[in-house]
Protein chains: 2
Amino acid sequence: MRSTKEKILDTSIALFNERGLVNVSIRDIANELGISPGNLTYHFKNKSNIINDIYERIVGERISLASQVKLIPSFANINAMLEPLLELFEKYRFFYLDILEVRRAYPEIAGKHQSHINFQIDFIKAQIDYSVESGNMVPEPSRGFYARMAHTVWLILSFWMNQQIIRGKEDADFNTARTSMWDMVTPLLTEKGKANFGITPLNQKIDKP
Amino acid sequence: MRSTKEKILDTSIALFNERGLVNVSIRDIANELGISPGNLTYHFKNKSNIINDIYERIVGERISLASQVKLIPSFANINAMLEPLLELFEKYRFFYLDILEVRRAYPEIAGKHQSHINFQIDFIKAQIDYSVESGNMVPEPSRGFYARMAHTVWLILSFWMNQQIIRGKEDADFNTARTSMWDMVTPLLTEKGKANFGITPLNQKIDKP
DNA sequence: GTCTATAGAGTGATAGAC
DNA sequence: GTCTATCACTCTATAGAC
């Protein structure tokens, strides 16, 4: 039996995802849940506390994901790693879509999230570095090239849902996001890299059920 | 002498850029301008009318930009073309940053904007196609590669400001956006392309004053 | 824990005087 | 065109009964 507090969080996430953070009031959440606004504010003094708890959830799931990461960053493992990450983006869609408003209204959360972003970009850079060291990718063609590539890869993944919505596409179509990401990598593969690549990520496209 | 109507638009843009679309009320705009709310609603019946007029401005400036485009899509011309486009992004920052909220609250504008986005991506794709035809870029390495590249280039440029803000960077740093964009192109250059490229975009980085 | 009732601030939009 | 005054509404947050 889920507690009222947990039910409030679940309903909040659902409504935020549906209507956007700024368009959901305490009242809306209470109505949707069938409880009184007074009851809701008993559990969460204000909206900021709700957002904070949701962010804690996101962080928790992120950490759980990170702990499952395969240690060997082969192309196949990297590709497989993307799946749960993209699912997380979708599950807490509103947070990533309305992140600018989160930043304006709840700067403390934005600060925490910022360090997480840096961690992610560094992580991607480390995968590229490993691929270069293991002879799968060529040395960077110009200074800072792979640092920028890591950044761009992060940007593609992070803003993919965003651009889909703006372009009026119903489906998140993460397969194309994934392909676009690998498109950045393939021109930089060595012969060895091509051989290793051919048998892995492209064959691992995961179709939505 | 600017009319009150024009002054309202100028002030609205400034406040929207500063605080975000949803955090600026009719009252705020009137106060900032030193006129009464009643006067403002005389000129603009509601907020939606203000946004609409601002979007007309954006479209107007876009058209004016498009008319100045150099017909020959050399790398140098493409690079030069980016400058005024990125300036437009900054001038009407709020529109591009809060585009999702614009979409939710003013769907008609979102619809118009959507066709413009498609036009932009098609335009980028045409530049790439020309580069391939003129022997500066290699034929696409896999089916749909250049279509995805055009899309990704658009994504980088469109969400650059967004990501800078989320990452807590004060400066928009469009030079890095530009370099990241060319990074996508350089691995696909032919020998001829490299020769043509070397003497153009990289030497055209424009520093902010 | 949960409810009802309400205070207090902010919102868009209108009426009517000048 | 511009003002003041105000209505009707929504929001968060609190008080107090059960």
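Proteins get letters first, then strands, A, B, ... in listed order; numbering begins at 1 in each.
The 12-atom threshold is exceeded at CZ of A:Arg2, counting heavy atoms of other residues, nucleotides or ligands nearer than 6.0 Å. In this structure, A:Glu170 places its CD atom where only 12 or fewer heavy-atom neighbours from other residues, nucleotides or ligands lie under 6.0 Å away.
Between B:Glu101 and A:Asn23, the side chains place a donor N or O and an acceptor N or O closer than 3.5 Å (distance only, hydrogens not considered). Donor-acceptor pairing under 3.5 Å is recorded for the side chains of A:Asp28 and A:Ser25.
Between B:Phe75 and B:Phe197, the angle of the ring planes goes over 60°, which puts this pair in the perpendicular group of the 30/60° scheme. Ring orientation note: the planes of A:Phe159 and A:Trp154 are nearly perpendicular, at an angle over 60° on the 30°/60° scale.
Between B:Phe89 and B:Trp160, the gap from one ring centroid to the other reaches at least 6.0 Å.
Within 4.0 Å of A:Ser36, counting heavy atoms only, lies at least one base atom of the nucleic acid.
Taking a 4.0 Å limit (strictly below) on heavy-atom distances, residues 39-51 of chain B reaches DNA chain D at B:Asn39, B:Tyr42, B:His43.
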In residues 29-44 of chain A, what donor-acceptor pairs under 3.5 Å come from side-chain atoms, sequence neighbours left out?
residue	atom	partner	partner atom	Å
A:Ser36	OG	A:Asn39	N	3.0
A:Thr41	OG1	A:Pro37	O	3.2
A:Thr41	OG1	A:Gly38	O	3.1

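Close approach of DNA chain C to chain A, defined as any atom under 4.0 Å from a non-hydrogen atom of the protein, starts and stops at C:dG1 to C:dT4.
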